[in-house]
Peer 1: 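Okay, handing you the structure first.
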Amino acid sequence: MKPNTSDEHIHNALDGTSAPPPDSEAVTILRQYQEILTALERHRAAAPPGLRARILSQLEPHPQQPRWLPSLHQWWISALSGAAAMLLVAIGWWHWNTRTPLVNVHFELHAPGARQVELVGSFNHWQPGSIRLTGPDASGHWTATVALPEGRHEYLFLVDGQQWVTDPSATVVRPDGFGHVNAIREVTREGTML
Amino acid sequence: MLVEQCLAGRLEAFDELVGRHQDAVYNLLLKLSGDHTEAADLTQEAFVRAYRKLDGYDPRFSFKNWVITIGVNLAKNRFRHFARRRRIEMEAASPTPSSPSPPDPRLEALEAALGLLPEKLRLPLLLRHVEGCSYAEIAQMLGIGVSAAKMRVMRARDELVQEMNHETKHV
């Protein structure tokens, strides 16, 4: 039996958004669709043995746990490692203070009806809850000043915990591939560029 | 959250994520590519890339769907190769060592019919009926509108059923 390809009732019934069609011919076609799609859903292949290990072997090794109680013949290795670690920390600290200073960046959103506005972006691993804007002021604006390192940062505002809003003042934006458009702020030592 | 533990340097947390989702990612990429070796390579590459750009992961969305999206994008770059391989396999009408034929002839017909669908339709169909994604999720993963996602799934179902009817008549 040739299926009626224009019959949306069949597809809506398959999606569970409407009841099965009333006439017997349509019910027969629906069953044919269901049988084929069920076979597609049930016919599943498991990943081959060893794939998980292959994937893990491609990743950077897990960092070694520190040895707090080295054996006597290894004390000099621990001492050298400790000294090297201290040196690296000192270099990192110097580098951070001289090459990547934090810059205060101002964010603002006009949302007079909002109960809460959060700033969520690459700088806080897209985790809501860490940066809340203050407001609204008399004109309905919410503001926050955040210390960010130099570099390119993507972000969105989260209004009332559910609505993602692109910064209307952003001059550079980028679709994130998930249906939203991220605003982009380029932070330099002199301040924000965009 | 396992992703946060990975970012903190715990590789075993990522191992756990691989263990949870590798079957789903592999199964979808196998149905998309039609080749076991290619699907395993794509799955491996998708997880490795996900690990390396984990700090760009957006936790508003499912980790599994994110890895699948990475795998699908990798697969799209190789689709000409896939299409050629499918044709060769079908013309040869004999199973290859890397692609054993299923014992059930109806499943064999289903795989053949699936392979004849254009990628533009096959992928939304698989996301909907193999992974159980909503139309909104499909739209997000493919960068298309929700109505377009629904339309593609409907067309894919119609063409799959028609191909199955055609295959069945010729078995």
Side-chain angles (χ1 to χ4, degrees), chain A residues 1-8 10-12 14-15 17 29-30 32-64 120-128 154 156 158 162 164 175-180 182, chain B residues 3-4 7 9-12 14-15 18-19 22-27 30-31 36 39-40 43-45 47-48 51-52 55-61 66 69 102 104 106-107 110-111 113-114 125-126 128-130 132 135-136 139-141 143 150 153-155 157-162 164-165:
Chain A
M1 182 178 300
K2 183 177 170 62
N4 179 359
T5 55
S6 63
D7 193 345
E8 278 197 34
I10 300 284
H11 293 286
N12 290 336
L14 289 168
D15 286 329
T17 55
I29 294 173
L30 176 63
Q32 187 185 18
Y33 272 73
Q34 285 171 331
E35 186 187 328
I36 290 170
L37 293 172
T38 302
L40 183 67
E41 289 162 15
R42 289 185 180 167
H43 178 44
R44 305 183 79 90
L51 180 61
R52 186 172 175 176
R54 264 172 59 190
I55 292 168
L56 264 291
S57 72
Q58 296 290 309
L59 308 179
E60 293 74 17
H62 184 55
Q64 293 256 320
V120 186
S122 51
F123 36 80
N124 58 2
H125 299 300
W126 295 98
Q127 291 287 353
E154 297 192 20
L156 286 169
L158 180 59
Q162 55 186 6
W164 296 95
D176 66 357
F178 290 103
H180 295 98
N182 295 342
Chain B
V3 172
E4 287 170 351
L7 288 169
R10 290 192 59 229
L11 197 55
E12 62 267 29
F14 195 78
D15 183 32
V18 174
Q22 64 168 353
D23 283 350
V25 177
Y26 173 80
N27 184 49
L30 175 63
K31 285 186 165 57
H36 287 265
T43 303
Q44 176 178 332
E45 185 64 22
F47 275 108
V48 170
Y51 181 80
R52 289 181 180 155
D55 56 353
Y57 166 63
D58 185 343
R60 289 174 294 169
F61 305 102
W66 184 56
T69 305
D104 183 346
R106 190 154 173 83
L107 285 180
L110 177 61
E111 291 200 344
L114 192 63
L125 180 78
L126 294 174
R128 176 74 180 161
H129 287 286
V130 175
Y135 288 118
Q140 282 171 349
M141 293 168 79
K150 188 170 184 180
V153 171
M154 287 168 62
R155 279 187 53 203
R157 286 171 182 158
D158 290 340
E159 291 195 16
L160 183 71
V161 171
Q162 285 178 14
M164 283 293 287
N165 287 340

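Atoms considered below: every heavy atom in the structure, side chains included; atoms not considered: hydrogens, waters and symmetry mates. We name chains A, B, ... by the order of the sequence lines, and we start the count at 1 in each one.
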Peer 1: Are any side-chain N or O atoms of B/Arg128 and backbone N or O atoms of B/Lys150, one a donor and one an acceptor, separated by less than 3.5 Å?
Peer 2: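 No; judged by distance alone, with no hydrogens or angles, the pair does not exist.
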Peer 1: Hey, which of A/Gln127, A/Arg54, A/Gln58 has the most heavy atom pairs under 4.5 Å with chain B?
Peer 2: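 Winner by heavy-atom pair count: A/Arg54.
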Peer 1: Quick one: which of A/Pro48, A/Ser122, A/Pro128 has the most heavy-atom pairs under 4.5 Å with chain B, could you say?
Peer 2: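 Sorted descending by pairs with chain B, the first entry is A/Pro48.
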Peer 1: Within the side chain of B/Asn27, is there an N or O that forms a donor-acceptor pair under 3.5 Å with the backbone of A/Ala45?
Peer 2: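 Checked: pair present.
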Peer 1: Which answer fits B/Tyr57, side chain, backbone, both or neither, if we ask what part of it has an atom under 4.5 Å from a heavy atom of chain A?
Peer 2: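 For B/Tyr57, the backbone is the part near chain A, not the side chain.
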Peer 1: Suppose we screen for side chain to side chain donor-acceptor pair (under 3.5 Å). Which residues come up paired with B/His129, at least two apart in sequence or across chains?
Peer 2: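 Once residues adjacent in sequence are excluded, the partners of B/His129 under the side chain to side chain donor-acceptor pair (under 3.5 Å) criterion are A/Glu41, B/Arg157.
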Peer 1: With only heavy atoms counted, which part of A/Glu35 is less than 4.5 Å from chain B, the side chain, the backbone, both or neither?
Peer 2: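 When you check distances to chain B, only side chain atoms of A/Glu35 fall under 4.5 Å.
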Peer 1: Who passes side chain to side chain donor-acceptor pair (under 3.5 Å) against B/Arg52, sequence neighbours left out?
Peer 2: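 Here no residue qualifies.
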Peer 1: CZ of A/Arg52 to CG of A/Leu56: how many Å apart, nearest 0.5 Å?
Peer 2: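 One finds 7.0 Å between CZ of A/Arg52 and CG of A/Leu56.
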Peer 1: Between A/Leu158 and chain B, which part of the residue has a heavy atom less than 4.5 Å away: side chain, backbone, both or neither?
Peer 2: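 No part of A/Leu158 comes within 4.5 Å of chain B.
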